[in-house]
Amino acid sequence: MTDNRVIIAGGGIGGLATALTLHQIGVQCVVFEAVRELRPLGVGINLQPNAVRELYDLGFTQADLDGVGMPAKEWALVGLNGNDIYSESRGLLAGYTWPQYSVHRGQFHMLLHRKLVERAGPDVVRLGSRVTGYRKNPDGSVSAFIEQADGTRSEATGALLIGADGIHSAIRAQMHPNQPPIHWGGAVMWRGTSWGKPIRTGASFVGLGTHRQRMVFYPISHPDPQTGLSMINWIAEVTMDNAEGWKQAGWFRQVPVTDFRHHFENWIWDWLDVPALIGQADNAFENPMIDRDPVPTWRDGPVVLLGDAAHPMYPTGSNGGSQAIVDARVLGAKMVEHGVTEAALAAYDAKLCGPISQVVLRNRGAGPFGLLNMVDERCGGTFDNIDDVIPPEERAAFMVGYKAAAGFAIESLNAAAPTIAKDARVRASQAV
Ligand SMILES: Cc1cc2nc3c(=O)[nH]c(=O)nc-3n(C[C@H](O)[C@H](O)[C@H](O)COP(=O)(O)OP(=O)(O)OC[C@H]3O[C@@H](n4cnc5c(N)ncnc54)[C@H](O)[C@@H]3O)c2cc1C
């Protein structure tokens, strides 16, 4: 280990993936996480093959991931008439060398934490420690200001500071004091889980509805051998008038399902009963679909942003969590190349900030769900045969374009060398 400690603000998926990567390449780090206790919060997220590849390289096994989710086989968009708009295979079935996993966000987060503590010891994550800002020191080091849950204040000094503190990042706010407020485009999501029989391939991600109102659902657990039921993650989404801004006090709260189920009361087919699916859950998480305008750089000297702090994005592309993992690995690769230095942060920023900011804007334009906007523009959402509305080649080209931009185009990902070569380490001589 070098004695060049890296400070990480935030112990979410991005912060913990960074700590695991730094431990792997022999760089000492400490994670300051605001909450007093890590709990398995959230519902489903997708880990795209580019992120699963990195997890395998970090020593996670298929059994680890099967314990918190299941491999996805299909991504499908279905109109309100029940007809397919688009479907494609996902993960191994699509020809990727690595699977795509649909996982429970909270359980996956706990898995990252368990692995990190097993490998680096319990002191690596300091809970109840909020990072409120930073100071760049004349000797090139950086100090993070820490506020403990009991109000005690202190400072931690290290070679570099990684801001992985999510969409409301304090590090980003200091780095970009004039950034505009959070951007809300009008969509509201209610997310929950229910037990149900998985449809189609048994592991399908389904987006059902229109560009202004839809249900997204997919299983996030292998079916129970006795009952055949899986935990189904669902997101009920409605677009509203956002002229007056978001009225609720917070951005994330639990609400009873009776608050929103009426929007979907007629969504009943012989293959799916949406009100029944929603009704099986008592509560759901309500959150507006928000992001932030991209910033021109994620770096300020020895400080850099990562994950949602760097690129908060609409979940339309199912790649926010995956990109946080990829960020961590690219940052690690740049440290292997340049040492624990500002040059490593600059190389990471140069590689990712521009392209991933474009993905943020693409997701604002509905990401892969943009096909629903095209259906609306061309036929008002009513169609018998989707081929008459958007020819198959045009649909396929649209999806290929999205995957290439988000970094999981099949051929290039399969052919790419590992982000961090096996056994690569930061040498002590590379320390500043
Ligand atoms: C509680 C929670 C539930 C979520 N549920 C879902 C979901 O169901 N589906 C989905 O698609 N996405 C969900 N997300 C978002 C998703 O996890 C992220 O988009 C993605 O994983 C990127 O992760 P991140 O680590 O960059 O950010 P985050 O996951 O937001 O993690 C940031 C971490 O930093 C901590 N933190 C914040 N401010 C500070 C500070 N000043 N100092 C120290 N620590 C700080 C937070 O407590 C959090 O642990 C959720 C996020 C959270 C925090």
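In listed order, ligands and their atoms are each counted from 1. None of the values given here were measured: they were computed from a predicted structure.
A side-chain donor-acceptor contact under 3.5 Å links Asp349 to the backbone of Trp298. A donor-acceptor pair under 3.5 Å links the side-chain atoms of Arg172 to the main chain of Ala309, judged by distance alone. With Asn233 contributing its side chain and Val43 its backbone, the two residues share no donor-acceptor pair below 3.5 Å.
Taking a cutoff of 4.0 Å between a charged side-chain nitrogen and a carboxylate oxygen, Arg212 and Asp376 do not qualify as a salt bridge. Ion pairing between Glu237 and Arg214 holds under the 4.0 Å rule for side-chain N and carboxylate O. Classification of Arg90 and Glu74 as a salt-bridged pair fails, no side-chain N sitting under 4.0 Å from a carboxylate O. A salt bridge links Asp84 with Arg200; the closest basic N to acidic carboxylate O contact falls under 4.0 Å. We find that Arg364 and Asp293 are joined by a salt bridge, their nearest charged nitrogen and carboxylate oxygen being less than 4.0 Å apart.
Residue-ligand proximity, Asp165 to ligand 1, at heavy-atom distances under 4.0 Å covers atoms 32 (C), 34 (O), 37 (C), 38 (N), 39 (C), 40 (C), 41 (N), 45 (C). Below 4.0 Å from some heavy atom of Val131 lie the following atoms of ligand 1, by number and element: 40 (C), 41 (N), 42 (N), 43 (C). Of all the atoms in ligand 1, the ones that sit under 4.0 Å from a non-hydrogen atom of Gly321 are 20 (C), 21 (O). Here is the list of ligand 1 atoms found below 4.0 Å of a heavy atom in Gly307: 26 (O).
The nearest non-hydrogen atom to atom 32 (C) of ligand 1, considering only Gly10, Gly42, Ala309, Ala164, comes from Ala164. Residue nearest to atom 1 (C) of ligand 1, selected from Leu41, Thr18, Ile146: Leu41 (by heavy-atom distance).
Ranking protein heavy atoms by distance to atom 25 (O) of ligand 1, first place goes to Gly14 N, 2.8 Å. Nearest protein heavy-atom neighbour of atom 31 (O) of ligand 1: Gly12 CA, 3.5 Å. Of the protein's non-hydrogen atoms, Asp308 OD1, 3.4 Å is the one closest to atom 22 (C) of ligand 1. For atom 8 (O) of ligand 1, the nearest protein heavy atom (residue, atom name, distance) is Val43 N, 2.7 Å. In this structure, atom 16 (C) of ligand 1 lies nearest to the protein heavy atom Arg105 NE, 4.1 Å. With respect to atom 35 (C) of ligand 1, the closest heavy atom belonging to the protein is Glu33 OE1, 3.2 Å. When only non-hydrogen protein atoms are considered, atom 43 (C) of ligand 1 lies nearest to Phe32 O, 3.3 Å. The protein non-hydrogen atom at the shortest distance from atom 30 (O) of ligand 1 is Gly166 CA, 3.8 Å.
For Arg36, the CZ atom counts as loosely surrounded, since its 6.0 Å shell holds 12 or fewer non-hydrogen atoms of other residues, nucleotides or ligands. Atom CD of Gln254 is surrounded by more than 12 heavy atoms from other residues, nucleotides or ligands within 6.0 Å.
For Phe252, the closest heavy-atom approach to ligand 1 falls below 4.0 Å. Residue contacts with ligand 1: Ser129 is included, with a non-hydrogen atom under 4.0 Å away. Residue contact check for ligand 1: Gly44 places a non-hydrogen atom closer than 4.0 Å to it. Not close to ligand 1: Pro315, with no non-hydrogen atom less than 4.0 angstrom away.
Residues Gln323 and Asp327 bring a donor and an acceptor atom of their side chains to less than 3.5 Å of each other.
For the side chain to side chain contact (heavy atoms under 4.5 Å, CB included) with His311, the qualifying choice from Ile167, Val360, Asn363 is Val360, the only one to do so. The only member of Trp246, Phe285, Trp190 that meets ring pair (Phe, Tyr, Trp, His ring centres under 6.0 Å) when paired with Phe252 is Phe285.
Considering backbone and side-chain N/O of Gly320, none are found under 3.5 Å from N/O of ligand 1.
Under 4.0 angstrom from ligand 1, there are no non-hydrogen atoms of His109. By the criterion of a heavy-atom distance under 4.0 Å, neither the backbone nor the side chain of Pro312 is placed next to ligand 1. Residue-level proximity to ligand 1 for Ile45 is carried by the side chain, the only part with a heavy atom below 4.0 angstrom.
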